[in-house]
Peer 1: 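My questions all concern the structure below.
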Amino acid sequence: MRLRGASAGIWPALSILAGLLLWQLVSLGFSDFILPPPTAVLQRLGDPAYLAELGAALAASLGTMLAGFAIAFAVAVPLGTVMGRSPRLAAAVEPVLTAFYAIPPVALVPFVVIWFGLFVEGRIALIVLMSLPDILVVTLAGARDIPPRLIAVGRSFGASPAQMLRRVLLPASLPFLFAAMRVGLARAITGMITAELFLAAAALGGMMKTSAEAFDNAGVFVIVVLVCLLGLAVQSGVRRLERRMLHWHMEENR
Amino acid sequence: MRRDMLPWNLLGIVVALGAWEIGGRMLGDGLLAPPSSVLAAFPALLRDGMAEALGTAMLQMLVGYACALLVGIPLGVLMGRSRMADRLLHPWLSMLLVTSTAALVPLFILIFGTGMAFCGALVFMASAFYIMLTAYQGARGIDRRLMAVARSFGATRMQAFRMVLLPGLFPYLVTGARVGLVHAIRAMVMAQMFVMVGFGGLIAQSGFDASTAGLLALLVTIMLVSLALNRALDATGHRLAPWYRASKAGH
């Protein structure tokens with residue numbers, strides 16, 4: 001997924017500004033309960049007590065998200081690499097993976113509750129279940145597409161298995177590992193907020209539920225925007241890391 | 001999937017089902033009902049009106065999904081063909097793509113209530129931007145030279161659109177529709193589970209049963225429906241445009 005491209009000039013910023021203005025104008029026609037104006041949402045952030053609460057919730061959410069993502073990544077990457085290097089194994093696992101992928105992840109919630117409970121273990125489990133298949137699919141596709149040329153060159157120069165892994169396979173798989181990380185983190189963030197809303201209310205999801213129960217729509221908006229910004233920040237962070245570490249790959253693809 | 005790998009595909013399915021059956025018998029119905037118990041749970045579920053609940057849910061889903069196609073495809077194509085539209089819409093697309101559907105649930109309940117509008121709006125938000133993204137990628141990737149050739153052969157704007165742009169775009173539109181459908185079904189189940197109605201409500205309630213057989217039967221049902229709909233879209237795409245599968249757009 002490539003989201004860059006047309007970021008040139010001031011037009012994107014202008015478009016966002018126009019959108020906010022439109023939101024402000026439209027919200028005049030509705031009560032604040034239904035559609036609060038952006039200024040009301042911003043006003044929230046001026047309250048230091050609220051900000052402290054928001055920060056603590058964000059930290060708690062991020063902690064669970066990263067724990068779940070780390071487990072999923074640690075399991076899915078080796079598994080996907082092995083599967084990608086063996087066409088038969090891949091053929092055996094693919095239909096099962098496709099079937100599991102077709103189950104809406106949120107429908108696994110009752111199961112997660114039975115196995116892992118309503119609290120932090122359950123949240124981590126749901127995050128793992130939601131991000132693991134996506135990481136696996138990307139890793140599998142990447143491992144399958146390592147150019148055989150590279151491996152042949154390594155062999156003909158007499159590389160030992162350890163050298164092969166470090167000098168050939170690892171550098172060749174870094175690009176798709178970054179892709180897997182991007183996809184996995186996006187899914188983990190979705191899993192995080194899903195778990196916090198559908199299991200016992202906690203952290204950011206808990207704050208959302210409390211605000212919703214008080215019909216405080218501005219409070220709900222704050223969290224929606226925050227989760228969205230978190231997603232964008234994580235994506236651009238991984239991309240920046242990728243550009244720094246993989247400058248050779250970027251050059252090659254130009 | 002390649003045909004010569006078919007035995008391995010089947011082996012994978014058999015091994016998975018076998019492992020599930022053995023694991024299920026060891027753990028018991030309370031933790032993981034084996035496939036045999038899950039099959040036995042179907043008659044009771046059908047008696048409780050599972051089929052009707054599923055039908056209504058799919059209908060609601062289709063309304064939101066159709067709106068997503070109607071909005072997502074034209075906007076995506078516009079973005080792909082016009083630099084200005086790209087500049088103006090891209091930030092919104094990036095933002096809405098990373099917005100978790102789950103985070104919108106409490107907000108949409110306050111705005112739309114808990115009825116059909118809520119479910120449809122959630123489905124729309126979950127699928128429209130993936131459809132838009134794929135249409136955008138397709139429209140952007142159309143070879144400029146092809147368009148130039150069409151122009152130099154005296155094609156009008158309309159003809160160039162119909163004869164060059166549309167065939168090149170089609171594979172992407174089918175891929176977008178398939179990706180969007182997966183997200184639409186997910187959002188539909190999510191909406192219904194949160195407010196405990198319809199098919200999603202059945203799933204949420206079956207979590208309180210002593211046995212997981214009913215829950216697993218519901219999961220298997222929605223899985224089969226999702227796979228079948230996806231396969232149907234794939235087949236339709238192939239029939240309408242045989243070059244679609246060869247191009248494997250967006251995969």
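Every chain is numbered from 1 and lettered A, B, ... according to where its sequence line falls, protein lines coming before strand lines.
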Peer 1: Select one option (side chain, backbone, both, neither) describing which atoms of B:Leu17 are under 4.5 Å from chain A's heavy atoms.
Peer 2: neither

Peer 1: Under 3.5 Å, is there a donor-acceptor pair between the side chain of B:Asn9 and the main chain of A:Ala91?
Peer 2: yes

Peer 1: Check B:Arg186 against A:Val106 and note the closest heavy-atom contact, atom names and distance.
Peer 2: O-CG1, 4.4 Å

Peer 1: In terms of heavy-atom proximity below 4.5 Å to chain A, should B:Leu181 be classed as side chain, backbone, both, or neither?
Peer 2: neither

Peer 1: Just so I understand: if I count every heavy-atom pair under 4.5 Å between each of B:Ile111, B:Leu31, B:Ile222 and chain A, which residue has the most?
Peer 2: B:Leu31

Peer 1: Taking every non-hydrogen pair under 4.5 Å, which of B:Ala204, B:Ser206, B:Ala103, B:Ala187 racks up the most with chain A?
Peer 2: B:Ala103

Peer 1: Within this structure, what is the CE-CZ distance for the pair B:Met190 and A:Phe198, rounded to the nearest 0.5 Å?
Peer 2: 5.0 Å

Peer 1: Is there a side chain to side chain contact (heavy atoms under 4.5 Å, CB included) between B:Leu32 and A:Trp115 once you walk through the steps?
Peer 2: CA-CA 9 Å; B:Leu32 181 75; A:Trp115 281 69; 4.1 Å; yes

Peer 1: Rounded to the nearest 0.5 Å, what separates atom CD1 in A:Ile16 from atom CH2 in B:Trp92?
Peer 2: 4.5 Å

Peer 1: Determine the option with the most heavy-atom pairs under 4.5 angstrom with chain A, choosing from B:Leu11, B:Leu219, B:Leu224, B:Thr99.
Peer 2: B:Leu219

Peer 1: State whether the side chain of A:Trp11 and the backbone N or O of B:Met84 hold a donor-acceptor pair below 3.5 Å, judged by distance alone.
Peer 2: no

Peer 1: Heavy atoms only: give me the nearest B:Ser94-A:Leu232 pair and the separation to one decimal.
Peer 2: O-CD2, 3.7 Å

Peer 1: Side-chain contact, heavy-atom cut-off 4.5 Å: B:Met188 with A:Pro104?
Peer 2: no

Peer 1: Quick one: of B:Gly207, B:Gly30, B:Ala102, who has the most non-hydrogen atom pairs under 4.5 Å with chain A?
Peer 2: B:Ala102

Peer 1: So for A:Phe111, is it side chain, backbone, both, or neither that comes closer than 4.5 Å to the heavy atoms of chain B?
Peer 2: both

Peer 1: Check whether any side-chain heavy atom of A:Pro12 lies under 4.5 Å from a side-chain heavy atom of B:Leu88, and answer yes or no.
Peer 2: no

Peer 1: Report yes if the side chains of B:Arg87 and A:Ser15 come closer than 4.5 Å at any heavy-atom pair, otherwise no.
Peer 2: no

Peer 1: Side chain, backbone, both or neither: which part of A:Leu197 has a heavy atom under 4.5 Å from chain B?
Peer 2: both

Peer 1: With respect to chain B, which residue among A:Asn217, A:Val227, A:Ile193, A:Thr194 yields the maximal number of heavy-atom pairs within a distance under 4.5 Å?
Peer 2: A:Asn217

Peer 1: Would you give the length of the straight line joining atom OG of B:Ser100 to atom CD of A:Glu196, rounded to the nearest 0.5 angstrom?
Peer 2: 10.5 Å

Peer 1: Can you name the closest pair of heavy atoms from B:Leu110 and A:Ala212 and give their distance?
Peer 2: CD2-O, 3.8 Å

Peer 1: Looking at A:Lys209, A:Met208, A:Glu213, which one forms a side chain to side chain contact (heavy atoms under 4.5 Å, CB included) with B:Pro106?
Peer 2: A:Met208

Peer 1: Quick check for you: to the nearest 0.5 Å, what is the distance between A:Ile103 atom CD1 and B:Leu216 atom CG?
Peer 2: 8.5 Å

Peer 1: How long is the gap from CD1 on B:Ile13 to OG1 on A:Thr98, to the nearest 0.5 Å?
Peer 2: 9.0 Å

Peer 1: Supply the atom-to-atom distance A:Leu35 CG to B:Leu107 CG, rounded to the nearest 0.5 angstrom.
Peer 2: 8.5 Å

Peer 1: Checking heavy atoms, do the side chain of B:Leu215, its backbone, both or neither come under 4.5 Å from chain A?
Peer 2: side chain

Peer 1: Where does A:Ala99 contact chain B at under 4.5 Å (heavy atoms): side chain, backbone, both or neither?
Peer 2: both

Peer 1: Can you tell me which portion of A:Val113 sits under 4.5 Å from chain B's heavy atoms? Options are side chain, backbone, both or neither.
Peer 2: neither

